[in-house]
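Naming: A, B, ... by sequence-line order, numbering from 1 per chain. Hydrogens, waters and symmetry mates play no part in the numbers below; they use all other heavy atoms, side chains included.
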There are 2 protein chains.
Amino acid sequence: MPQDDIPPSPIADLCRDKGLKLTDQRRVIAHVLSESDDHPDVEELYRRALAIDPRISIATVYRTVRLFEEKGILLRRDFGGNRARYEKTDHGNHYHLIDAKTGSVIEFEDEVLEVMLRQIAQRMGFDLVTTRLELFGRKLK
Amino acid sequence: MPQDDIPPSPIADLCRDKGLKLTDQRRVIAHVLSESDDHPDVEELYRRALAIDPRISIATVYRTVRLFEEKGILLRRDFGGNRARYEKTDHGNHYHLIDAKTGSVIEFEDEVLEVMLRQIAQRMGFDLVTTRLELFGRKLK
DNA sequence: TTAGATGCAAATATTTTGCACGGAA
DNA sequence: TTCCGTGCAAAATATTTGCATCTAA
């Protein structure tokens, strides 16, 4: 019983581009991810996916995020908690500033920084693929 | 039966400074950490500690790294594997370049970068406490 | 003496996997 | 039709915890 009220999503398009088989489950997960601008963990993704279509198991969510990460569709993040959290790659190149007190996450971009990081990698003989940058700070009064 | 051939170590000193009770186990773990310039996970720390003194359990290693992390003696790292890895805080401010193919980790420092990061945090109203930066790159031919 | 640390094993938490079945291409 | 994906439950991994005992201060 296919779920046909799942709208097309940018991430589902990416799946097609990469030659992945588009099952209903992947369509749902892709949709959920496309709608998410935060950093959900697998449990949370599972919850959001279930709300759309109950015919999905957590094993599939685990398999799918792993697949998507390999394909470069998702980035795995570690914000200090114990579980992995994910975000879209197409979300743009950005970094995180984390309030050391509250744990709240602020995203930011910085082109100058980006260029500098690329140069640093270059200088060490590497072509920069991905960056993971988290600044932990205390709020100024 | 205390183990008295464990030499004093910088990290053991830190423990004393922070008012932590210095048990034989902590002394051994502190020593192991002081000697380590890599990024061992708990399993590896346990192995190294066991080689020095067999009277230690993995539960204690878990408890100790958690305590040391809270006290700012250790930093927890995530290099993409499934387990947490640790390094000394007093190791100096540095960043990581990870070979996307082999997973090998290269450490580097960069004062200009450091200043820039501090400014970025400042600009967003934060006083920079800690930075976590990992560059994933592909080796240039 | 006493609050806190440890070992052990059991409990949790997180993630992966074997297998039979189902569905996309 | 033919792989490949999925659900389920069991297994594997990783980490935490209850409790009796021990020990640094």
Side-chain angles (χ1 to χ4, degrees), chain A residues 1-4 6 8 12-13 15-30 32 39-47 49-50 52-71 73-74 76-86, chain B residues 1-4 6 8 11-30 32 39-47 49-50 52-71 73-74 76-86:
Chain A
M1 186 231 279
Q3 180 88 8
D4 26 42
I6 301 160
D13 291 347
C15 289
R16 203 174 291 102
D17 294 349
K18 310 237 176 208
L20 299 179
K21 210 181 262 188
L22 249 192
T23 62
D24 288 337
Q25 288 85 341
R26 286 184 187 169
R27 216 187 309 275
V28 170
I29 295 172
V32 165
H39 314 87
D41 57 27
V42 168
E43 205 68 44
E44 178 60 26
L45 284 174
Y46 177 51
R47 224 170 297 129
L50 270 189
I52 295 175
D53 187 338
R55 302 166 315 127
I56 201 169
S57 81
I58 194 154
T60 294
V61 180
Y62 271 105
R63 281 190 273 234
T64 303
V65 294
R66 188 151 48 122
L67 176 70
F68 283 8
E69 197 197 353
E70 279 164 14
K71 294 298 181 181
I73 296 173
L74 281 184
R76 187 209 304 218
R77 298 288 184 184
D78 165 42
F79 294 139
N82 26 354
R83 14 193 178 191
R85 295 168 64 177
Y86 294 87
Chain B
M1 183 232 279
Q3 181 89 7
D4 25 45
I6 301 158
I11 292 189
D13 291 346
L14 271 178
C15 289
R16 201 174 294 102
D17 294 348
K18 309 237 177 210
L20 299 178
K21 211 181 264 189
L22 248 191
T23 62
D24 288 339
Q25 289 85 342
R26 286 186 186 167
R27 216 188 310 274
V28 169
I29 295 171
V32 164
H39 313 87
D41 57 29
V42 168
E43 204 68 45
E44 178 61 25
L45 285 174
Y46 178 51
R47 225 171 295 129
L50 270 190
I52 295 176
D53 186 336
R55 302 166 314 129
I56 200 170
S57 82
I58 193 152
T60 294
V61 180
Y62 271 106
R63 281 191 272 235
T64 303
V65 293
R66 188 152 45 124
L67 175 69
F68 283 8
E69 197 197 354
E70 280 165 13
K71 293 297 181 180
I73 296 172
L74 282 185
R76 187 210 302 220
R77 299 290 186 183
D78 165 42
F79 294 142
N82 28 353
R83 16 193 174 189
R85 295 168 65 175
Y86 294 87

* B/E44: partners by side-chain hydrogen bond (donor to acceptor under 3.5 Å, both in side chains), with sequence neighbours left out ->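 Only B/R47, B/R48 meet the side-chain hydrogen bond (donor to acceptor under 3.5 Å, both in side chains) criterion with B/E44.
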
* **B/K21: partners by side chain to side chain contact (heavy atoms under 4.5 Å, CB included), with sequence neighbours left out** =>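 Here the qualifying residues are B/R26.
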
* **Under the side chain to side chain contact (heavy atoms under 4.5 Å, CB included) test, residues paired with A/Y62 that sit two or more places apart** =>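 In terms of side chain to side chain contact (heavy atoms under 4.5 Å, CB included), with neighbours along the sequence ignored, A/Y62 is linked to A/V42, A/I58.
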
* **For A/R66, salt bridge (Lys or Arg N to Asp or Glu O under 4.0 Å) partners two or more places apart** =>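 Once residues adjacent in sequence are excluded, A/R66 has no partner under the salt bridge (Lys or Arg N to Asp or Glu O under 4.0 Å) criterion.
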
Between [X] and [Y], is any pair of side-chain heavy atoms under 4.5 Å apart?
| X | Y | answer |
| --- | --- | --- |
| B/L14 | B/F68 | no |
| B/Y86 | B/R76 | yes |
| B/T60 | B/T23 | no |
| A/T64 | A/L45 | no |

* Structure fact -> The contact string for nucleotides 4-17 of chain D, one letter per nucleotide 5' to 3', using protein heavy atoms under 4.0 Å with B, S and - for base, sugar-phosphate only and none, comes out as BSBBB-----SBBB

* **Helical bend (five base pairs per end, nearest 10°) for the helix from C/dT1-D/dA25 to C/dA25-D/dT1** =>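 Terminal axis comparison yields 50°.
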
* Asked: Given atom CG of A/D53 and atom P of C/dG23, what is their separation to the nearest angstrom?
  ->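 In whole Å, C/dG23 P lies 12 Å from A/D53 CG.
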
* **Between P of C/dT14 and OH of A/Y46, the distance in whole Å** =>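 The answer, rounded to whole Å, is 15 Å.
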
